[in-house]
Amino acid sequence: MSVPPDPRAALARLVVQLRGAAPTARAPLVRRMLPLLAQPGVPLAVRYAAAARAIDALPDHPGAVRNVVRALTGRVPPARALRRLRHLQHLTERSGALDALVERRERKVKLTCPRCDTKLPRAEMAKHLWHEHRLELVEGKVRSNAQIAEVLRAEHTATGDPALIDRAAFRTGARQAGVWAAGTATPEETVPLCSAARERGVSLCPVCFGDVAPQVPALPPELALANGRLAGDGFVATAPVLSSPRVRATLLATGVMLAGALVIPVARALVLSAIAYLLGRALFRSQGAPDDLALNAAWRTLARKLTDRRDAARFLTRLGVTSVGRGDPFDRANPLNALVARANANRGEGQLLATALALRVSDSARFGRDYPAGLADLIAPVFRGERSADFAEHVLAVYFRTPRHTGELARLRALLLASAFEAECTPREVLALCDAAPHFARAARLSANHVAILYGVWANRTARPWEAVGKARTVFELAADAPSTATRLLATDPGLVLLCHPRGTEDELGPVRVLAGGVSIGRGENPITVADPGTDVRLVSRRRELVFGERTLRVRDPLPEGLVRELKGWLLFRAEVLAEFPAAFLSGTMPIPTRLLKPFVARCAGCGAECMPAVGAVARPFPT
C-alpha cells in the first residue's frame, strides 16, 4: 500500500473509522494503518496514540499485536524499541499479549552499565545500578539521587506541591532536603517547623533547617517552695516549727497577766496582758510567712555550707533565682557576698555570678535603692568589654522573674542605651545584640530608627543643637536625674527623646515632648501629637485656645505668643535634624558588628554554618 500525500491526516481518518467499525471490519483497517505507523513523517505521539487504538480494537493474541509492534518499532535499536513498547503499555487499556511481548524483549535486551560496563537485562540492571552505584534507571537514563532531587526541586518551584519535598528527602536525606527547604520556604511555611523546634528547645539552622541548640543556656528553674519547705537538687530546707501568731500572742499575754497579778492590781494586769497580746500578734506576724522562713533557713544553713562545694553551683543559682523579692535580705547578706566572691573566682560559674549580683541589687532596691539604675550599672561593663554579653542576659533573666511596670522598664531601656553609647557601641551593635539575646531585647528593644535617633541625641549631648529652639532635657538626663518623672512620662510616651518646658505653659498644657515620631503637647490621656513640620499651629480666642494640627487645646489663662514659634521650631528640628540620624548611623557601608555577639554564636552540626539561635525560630546567620 502506497503512503498518501498527508500521512498524518490519513492516519487520523483511519483511527476515526476504526472507532465505529464492526469487529469483522477492524483487521483490514489496522492493516491499512501499519505503513502509516512506520512513517517517520508522522509525529511519534500521533503514532503512539494510533497504535494504542489499534491494539485495543484487535483481539488480544500475539499474532494480532505483533504486526502493530513491528510497525511502531521497526528499524529502531532494541533499547529504544523497548522504551517505545513500555510507553505503549501506558496508553493501552489492557493487553496481555503486549505485556508478554514486552516481558520477552526485556529478557533479551541487555543494558550496559555506564559505570562498570556490566551487561544485564533491564530488571537486573536496575538492581545493579542501585546496589553497586547508588544510581537509578529513570526512563532509560541513569540518574543519581542528586539529579532526581534537582528535578523534583524544579517541579516544586513550578507547582508548589509540598509532597515533592518528602520525595526529595527520601532521595537525598533529610539534611539535603532541609537545605532545599531553607532556601525556598516562606515564613508561613516555617511556622509548623518552628513550633516543633520550640517543643524540642532548639532553633533551626538558616542554611539547612537542622537543630541548633542555644549557646547561652537559660537559667535553671526555681526551687520547689511550698508550705514552709524548700527543696531541689537533693537539698532540703524547712521553716522552723512555730505555733501560729495567735497562740504565741495568747501565751505571752497569759504570762504577763500572771506575773503582773503578783505585784500590781488585777485590773492593771489585765490591761497589760491585752497590750502584750496585741504587740505579740504584730511581732509574730512580722516574722514572715512559712515560705519566707524556709528561704531564710536555706541561706543561713545550706548556703553557708555549700559555698565551697564545686558541685553545688546549680543549687545555689536556683536558690538565688527563687529568692528574688522574697525572704529577709539582711539574713542572706553575708552568704550572698560569699557567693559573689566564689563566683568571681571561678570563670565557669557565670550564671551563679549574674544571679547573685542581680539578687543583691534586688535586695538593695527593697530598701530604697534605685533598681533600674543599679541594673544598668551592673550591665555597663558588658558594653565596655569587661564582661561577656551572656552575663547581661542572665542578669536580665533574673530581673524579669517578676512583673515589671511599663514606665520602669522604659527607664531601664534609656539607662541601658546610655551605658551602651557611652561605651562607644553603635546602634547596629545594640540592635544585633537584641536579635541574639531575648532578655536583652525585652529590656532594650526599639525600632532601628528610634535607636539611631537616640544615638544621635547622645552624640550631640555636648553641642546641644536643640537649644537653638529652646531649653530641653534629653531622655538620658531625665532617666538619670529624675527617676519618678522619667518613669511617669515614659509609661505614656515611650518614644520620648527631648523634654521641653516653655514658659507660661507648664500649669495648663504640661511640657512639650519631642518624640521619635512627632511632637506632643497636652496633659491627660489624649495629648496631641503632630509630625508634619508644615502643620497649622496658632493661638486663637485671645490666646486661650491652641490650634495644633487638626485639634484644639483650650486653657483658662492666655498662652504666651512665643509658644507657637517654639512648637514650630520643635517640629522643624525633629523633621530636619532628628529624622536624619537613621540615615547617618544605620548606613549599609558600616562594618558589621560582632564584638557583643560571640557568646551567642553556635555552629550547626549538620552544615557547619555559624548562626545565632533563638528557640522556636529560624536562627539568624552570624555576620562574618
Side-chain angles (χ1 to χ4, degrees), residues 372 404-414 417 445-447 449-454 456-457 466-579 581-582:
R404 299 299 171 187
H405 185 265
T406 304
E408 176 188 306
L409 188 57
R411 179 169 169 255
L412 173 62
R413 181 185 303 118
L417 291 177
R445 170 75 77 183
L446 289 171
S447 68
N449 285 350
H450 194 170
V451 174
I453 289 173
L454 291 175
V457 170
W466 49 85
E467 290 193 351
V469 181
K471 295 289 185 180
R473 285 190 293 176
T474 68
V475 66
F476 304 112
E477 295 167 341
L478 194 67
D481 303 333
S484 58
T485 302
T487 301
R488 174 174 53 83
L489 291 175
L490 288 171
T492 56
D493 290 316
L496 182 66
V497 177
L498 297 170
L499 186 68
C500 328
H501 298 275
R503 291 182 181 179
T505 64
E506 183 71 19
D507 295 337
E508 296 282 358
L509 300 177
V512 176
R513 300 172 294 282
V514 180
L515 313 177
V519 176
S520 181
I521 189 171
R523 295 183 181 277
E525 298 180 356
N526 297 307
I528 303 176
T529 302
V530 174
D532 183 7
T535 194
D536 183 20
V537 185
R538 52 195 168 88
L539 294 175
V540 297
S541 300
R542 298 181 181 182
R543 293 187 291 154
R544 285 185 171 85
E545 292 184 0
L546 171 64
V547 177
F548 194 46
E550 298 179 354
R551 293 176 55 189
T552 301
L553 291 173
R554 295 177 178 82
V555 297
R556 292 189 304 272
D557 300 324
L559 295 170
E561 291 285 356
L563 177 61
V564 172
R565 182 176 62 256
E566 188 164 342
L567 286 174
K568 289 183 177 180
W570 287 123
L571 287 169
L572 197 62
F573 179 81
R574 193 209 68 83
E576 294 185 352
V577 179
L578 296 184
F581 288 153

Which atom pairs, one a donor and one an acceptor, fall under 3.5 Å between side chains of residues 482-500 and the rest of the protein, sequence neighbours left out?
residue	atom	partner	partner atom	Å
Thr487	OG1	Pro483	O	2.8
Thr492	OG1	Leu489	O	3.1
Asp493	OD2	Arg513	NE	2.8

Could you tell me if the side chain of [Y] sits less than 4.5 Å from the side chain of [X], heavy atoms only?
X: Val577; Y: Trp466; value: no
X: Leu571; Y: Phe548; value: yes
X: Leu417; Y: Val475; value: no
X: Leu454; Y: Phe581; value: no
X: Leu559; Y: Leu553; value: no

Please report the closest heavy-atom contact between Ala579 and Pro582, naming both atoms and the distance.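 Closest heavy-atom pair between Ala579 and Pro582: O-CD, 3.4 Å.
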If every non-hydrogen atom of Arg551 is compared with every non-hydrogen atom of Pro527, which pair is closest and at what distance?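 So the minimum-distance heavy-atom pair works out to NH1-O, 3.3 Å.
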Contacts of Arg544 that satisfy salt bridge (charged side-chain N to carboxylate O under 4.0 Å, His left out) - sequence neighbours left out: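 Expected list: none.
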Could you tell me which residues satisfy salt bridge (charged side-chain N to carboxylate O under 4.0 Å, His left out) with Arg574, sequence neighbours excluded, listed by chain and number?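 Residues passing salt bridge (charged side-chain N to carboxylate O under 4.0 Å, His left out) with Arg574: none at all.
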Tabulate below the donor-acceptor pairs under 3.5 Å that side-chain atoms of residues 528-541 make, not counting sequence neighbours, or state none.
residue	atom	partner	partner atom	Å
Thr529	OG1	Ser520	OG	3.3
Asp532	OD1	Gly534	N	3.1
Asp536	OD1	Arg538	NE	3.2
Asp536	OD2	Arg538	NE	2.8
Asp536	OD2	Arg538	NH2	3.3
Ser541	OG	Glu545	OE1	3.4

Just verifying a value: how many Å separate Ile453 CD1 and Leu515 CG, rounded to the nearest 0.5 Å?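 It is 10.0 Å, given to the nearest 0.5 Å.
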Can you pull the salt bridge (charged side-chain N to carboxylate O under 4.0 Å, His left out) pairs that have at least one residue in residues 473-483, sequence neighbours excluded?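 Residue pairs with at least one partner in residues 473-483: Arg464-Glu477.
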Taking only residues at least two apart or on different chains, which pairs with a member in residues 556-567 satisfy side-chain hydrogen bond (donor to acceptor under 3.5 Å, both in side chains)?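 Qualifying pairs, neighbours excluded: Glu566-Trp570.
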Glu550, CD atom: more than 12 neighbouring heavy atoms under 6.0 Å: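 No - once you tally the heavy atoms of other residues, nucleotides and ligands closer than 6.0 Å, there are 12 at most.
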